[in-house]
Asks: 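The structure's right below; bear with me while I get my questions together.
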Amino acid sequence: MALKEEINAAIKQAMLQKKKEELIALRSIKSAILLAETEKGASEALTEDTEMKVLTKAAKQRKDAAELYQKEGRADLADKELLELEVINKYLPKPLTEEELKASLEQIIESTGAKGPQDMGKVMGAATKALAGKAEGKAISAMVKTLLAS
């Protein structure tokens, strides 16, 4: 089932169960998907890769907003953002553990033929495509630096 159909079914379920906060989060995901579909140059249906990018972006926005609200002492707004993040995370693939990330990056480094820190750009390009939605860019970058330095 396509992500859009899954979200629509979840919206109906949340409406029936009167889960207001979950409904708001699901509608924001649906909105982001519709925006991506109607973007200039977008194909008719979104690819799975594009769907993951949309969800990852939405999750990052919620996480950043929650951190900002917590710094400002607005726990009520931070809780709202964290609840939305939790709903979005249900539709994202399970994040890689540190060991899985390291193993994946070692394979990518081997396949790109990277020898040292000067090849970081080459590795990062391949890694961000291969691990999209499965690991954060910061975590990928830190692990690549560590692996290339040794």
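Hydrogens, waters and symmetry mates play no part in the numbers below; they use all other heavy atoms, side chains included. For this chain, numbers begin at 1 and follow the sequence in order. In this text, all values refer to a predicted model and were calculated from it rather than measured experimentally.
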Asks: Could you pull out the closest heavy-atom pair between Ile29 and Leu55, with the gap in Å?
Replies: CG2-CD2, 3.6 Å
Asks: Which pair of non-hydrogen atoms, one from Leu96 and one from Ser104, has the smallest distance, and what is that distance?
Replies: CD1-OG, 4.3 Å
Asks: Let me know which of Val87, Ile88, Asn8 forms a side chain to side chain contact (heavy atoms under 4.5 Å, CB included) with Leu26.
Replies: Val87
Asks: How long is the straight-line distance from CZ of Arg62 back to CD of Glu84, given to the nearest 0.5 Å?
Replies: 4.5 Å
Asks: So with a 6.0 Å cut-off around CD of Glu86, is the heavy-atom count from everything else above 12?
Replies: no
Asks: Out of curiosity, does Ile11 fall in the hydrophobic cluster containing Ile24 (side-chain heavy atoms, cut-off under 4.5 Å, transitive links)?
Replies: no
Asks: So, do Lys30 and Leu34 sit near enough that their side-chain heavy atoms are less than 4.5 Å apart?
Replies: yes
Asks: What I'd like to find out is whether the side chain of Gln70 reaches to under 4.5 Å of the side chain of Leu82, using heavy atoms alone.
Replies: yes
Asks: Counting C-beta onward and ignoring hydrogens, is there a side-chain heavy-atom pair between Leu101 and Thr97 closer than 4.5 Å?
Replies: no
Asks: How close do Ala32 and Val54 get, heavy atom to heavy atom, and via which atoms?
Replies: CB-CG1, 3.6 Å
Asks: Indicate yes or no: does Asp76 engage Arg74 in a salt bridge with an N to O separation below 4.0 Å.
Replies: yes
Asks: A quick test of your reading: do over 12 heavy atoms of other residues, nucleotides or ligands sit less than 6.0 Å from CD of Glu110?
Replies: no
Asks: Are there over 12 heavy-atom neighbours, none belonging to Glu98, within less than 6.0 Å of that residue's CD?
Replies: no
Asks: Can you give me the closest heavy-atom contact between Ile108 and Ala126, atom names plus distance?
Replies: CG2-CB, 3.8 Å
Asks: Do the side chains of Leu83 and Leu23 join up, straight or via other hydrophobic residues, at under 4.5 Å, putting them in one cluster?
Replies: no
Asks: I want to check something: taking the side chain as every heavy atom from C-beta on, are Met143 and Lys102 in contact at a cut-off of under 4.5 Å?
Replies: yes
Asks: I'd like to check Lys90 versus Glu22 (side-chain heavy atoms, cut-off strictly below 4.5 Å). Are they in contact?
Replies: yes
Asks: Please report the interatomic distance OG(Ser28) to CD1(Ile7), rounded to the nearest 0.5 Å.
Replies: 9.0 Å
Asks: So, do Ile33 and Glu51 sit near enough that their side-chain heavy atoms are less than 4.5 Å apart?
Replies: no
Asks: Pair Glu67, Lys71 - check salt bridge (charged side-chain N to carboxylate O under 4.0 Å, His left out), show working.
Replies: CA-CA 6 Å; Glu67 287 174 8; Lys71 284 181 188 173; 5.7 Å; no
Asks: Write down the atom of Leu85, the atom of Ala59, and the distance for their closest heavy-atom approach.
Replies: CD1-O, 3.4 Å
Asks: Once rounded to the nearest 0.5 Å, what's the spacing between atom CG of Leu68 and atom NZ of Lys63?
Replies: 14.5 Å
Asks: Under a 4.0 Å N-O cut-off, is there an ion pair linking Glu37 with Lys4?
Replies: yes
Asks: More than 12 heavy atoms of other residues, nucleotides or ligands under 6.0 Å from NZ of Lys12: yes or no?
Replies: no
Asks: Shortest non-hydrogen contact from Ala78 to Ala66?
Replies: CB-O, 3.7 Å
Asks: Has the side chain of Glu72 got a donor or acceptor atom that lies under 3.5 Å from a matching backbone atom of Tyr69?
Replies: no
